[in-house]
Amino acid sequence: MKQIYDPLVHSYPPSQIPAADSYWRAMAPQEQPDDGTLASETRADVAIIGGGYTGLSAALELTRHQGLRAVVLEARSAAWGCSGRNGSFARISGGRMPHAALIAQFGEATARAFFDELRAGLDTVRRLIEEGGIDCDRQPDGVYKVATFAPHAEKLQAEVELYNRVFGYPARFIQARELDGIHGGPEAFGALHLPDGFAMNPLKLAHGLQRMARAAGATVHSDSPVIGWTTQNGLHTLRTPGGSVTAPKVIVATNGYTSNSLHPRLSSRVLPVHSQIIVTTPMSDAQVRASIPTDGCLFDTRELLFYYRRLPDNRVLFGGRSAISGADSTDPKHRAYLYNAMVRKFPALAGIGIDHWWGGWVAVTRNSLPFFYQVPGLEGAFWGGGYAGSGVSFSMHAGTRLAQMAAGLPVKNGAAFLTQEPARYPFGRFLRIGQTLAYRWLHHKDARLAATS
């Protein structure tokens, strides 16, 4: 890994920072046609900042269903950020607040409304893949939350009961002795199984979404970072190095890549958190049987969880959080951290090679919940994000919702927090000190459980 973009340091991703050396890019090496760098002054009905899942799905909705002219401004190339480098799980998820905590804070009715919105997010992805005929190496459905430590098995059983009783959703608990064919290794004391959710090549998915948006009439400008934003007489003007877009409506679709310098109204409302992934060389048949026989989506119950899957060519994708800042993220110790965790979880993989190592930024809000809302004090501006590393499906849904809001349509849901402005993080310059201390505490909690399991 080389120098990377850091939203708390840079105003936008500089051109000298290379794209991620990801497995996804190796499997989808061709850049998709776009409309090139913005080199003039133009107008639009809606200007969209960010060419990832959120921005592209918003552009598609605006042009195909609302009949509006949408112009996407992307600092690098479409899906250059997390949409093209994530862990590839499309599931019923968004944010990182546990359902039990959500119920305790907001009540069952609000929790059900939020769950319905999350399910709609997964349905949106399925629909777009089908409508666009997107070939994204989609795998069969199946999500497994695996108990890393023995005490976590009981908690997963309680979570299954909550899914069944509150949401009417057919989750089930799998005993440790029944995990053959799903998950090998010592860190597996049972699992929660969710029948909906699948893995794919996320960059191919984004490429397909871009093709659909442009075919519907959207304009997508690459290498066109927003370096200035002014508002006058109800019109927003977004300035890039080569031109500008003026529009009455703006959608911000940058999630974890949102720079604090983009606009004062957006500053410090999300914390960019770095997540990294390694991909191994192909496993032998024996290693497959002893580690990840399933082709489903898997993640564990650690405080700082790991997510992993077997790829179609029998490699292992293994991801988690370790680095704090962009400058630190290139230290090989983070690659070693993931490798050691993978081998601890799957001893049969000891000695296997690593072909890819990359990372990207996810966005976490103070309440750990996602959002799509109209920005107070900035008429005609809308922002979506806060997916917290669980946004493959919800980001596309949020983009569709943002487009509907920008078009003036009523967007109703029973989870009011989704359309409310997230609180700012205080003491912005000290955020990463706090994050470092939090990581140490969470690692300590896991180590203490491991010692007693």
Using distance only, find each side-chain donor-acceptor pair of residues 377-390 under 3.5 Å and give its atom names and separation, not counting sequence neighbours.
from   : atom 1 : to    : atom 2 : distance (Å)
Tyr387 : OH     : Thr54 : OG1    : 2.9

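Partners of Pro248 according to the side-chain contact (heavy atoms from CB on, under 4.5 Å) rule, which considers only residues two or more places apart in sequence or in another chain, are Leu235. Looking at residues two or more places apart in sequence or on another chain, you find a side-chain contact (heavy atoms from CB on, under 4.5 Å) between Val166 and Ile103, Glu108, Arg112, Leu162. Applying the side-chain contact (heavy atoms from CB on, under 4.5 Å) rule to Thr63 yields the partners Ala70, Ala216, Ala218; only residues at least two apart in sequence or on another chain are considered. Qualifying ring pair (Phe, Tyr, Trp, His ring centres under 6.0 Å) partners for Phe306, counting only residues two or more places apart in sequence or in other chains: Phe318, Tyr337. Evaluation of the salt bridge (charged side-chain N to carboxylate O under 4.0 Å, His left out) rule for Asp21 yields no partner, not counting sequence neighbours. Residues forming a salt bridge (charged side-chain N to carboxylate O under 4.0 Å, His left out) with Lys345 (at least two apart in sequence, or on another chain): Glu187, Asp300. Residues passing the salt bridge (charged side-chain N to carboxylate O under 4.0 Å, His left out) test with Arg269, sequence neighbours excluded: Glu421. Every residue was checked against the salt bridge (charged side-chain N to carboxylate O under 4.0 Å, His left out) condition with Asp45, not counting sequence neighbours, and none meets it. With sequence neighbours excluded, the residues that form a side-chain contact (heavy atoms from CB on, under 4.5 Å) with Pro312 are Gln139, Arg309.
For residues 46-84, no pair satisfies ring-ring contact (aromatic ring centres under 6.0 Å, His included), with sequence neighbours left out. Every pair tested for salt bridge (charged side-chain N to carboxylate O under 4.0 Å, His left out) that includes a residue from residues 74-87 fails, sequence neighbours excluded, so the list is empty.
A salt bridge links Asp141 and Arg138; the closest N-O separation between the charged side-chain nitrogens and carboxylate oxygens is under 4.0 Å.
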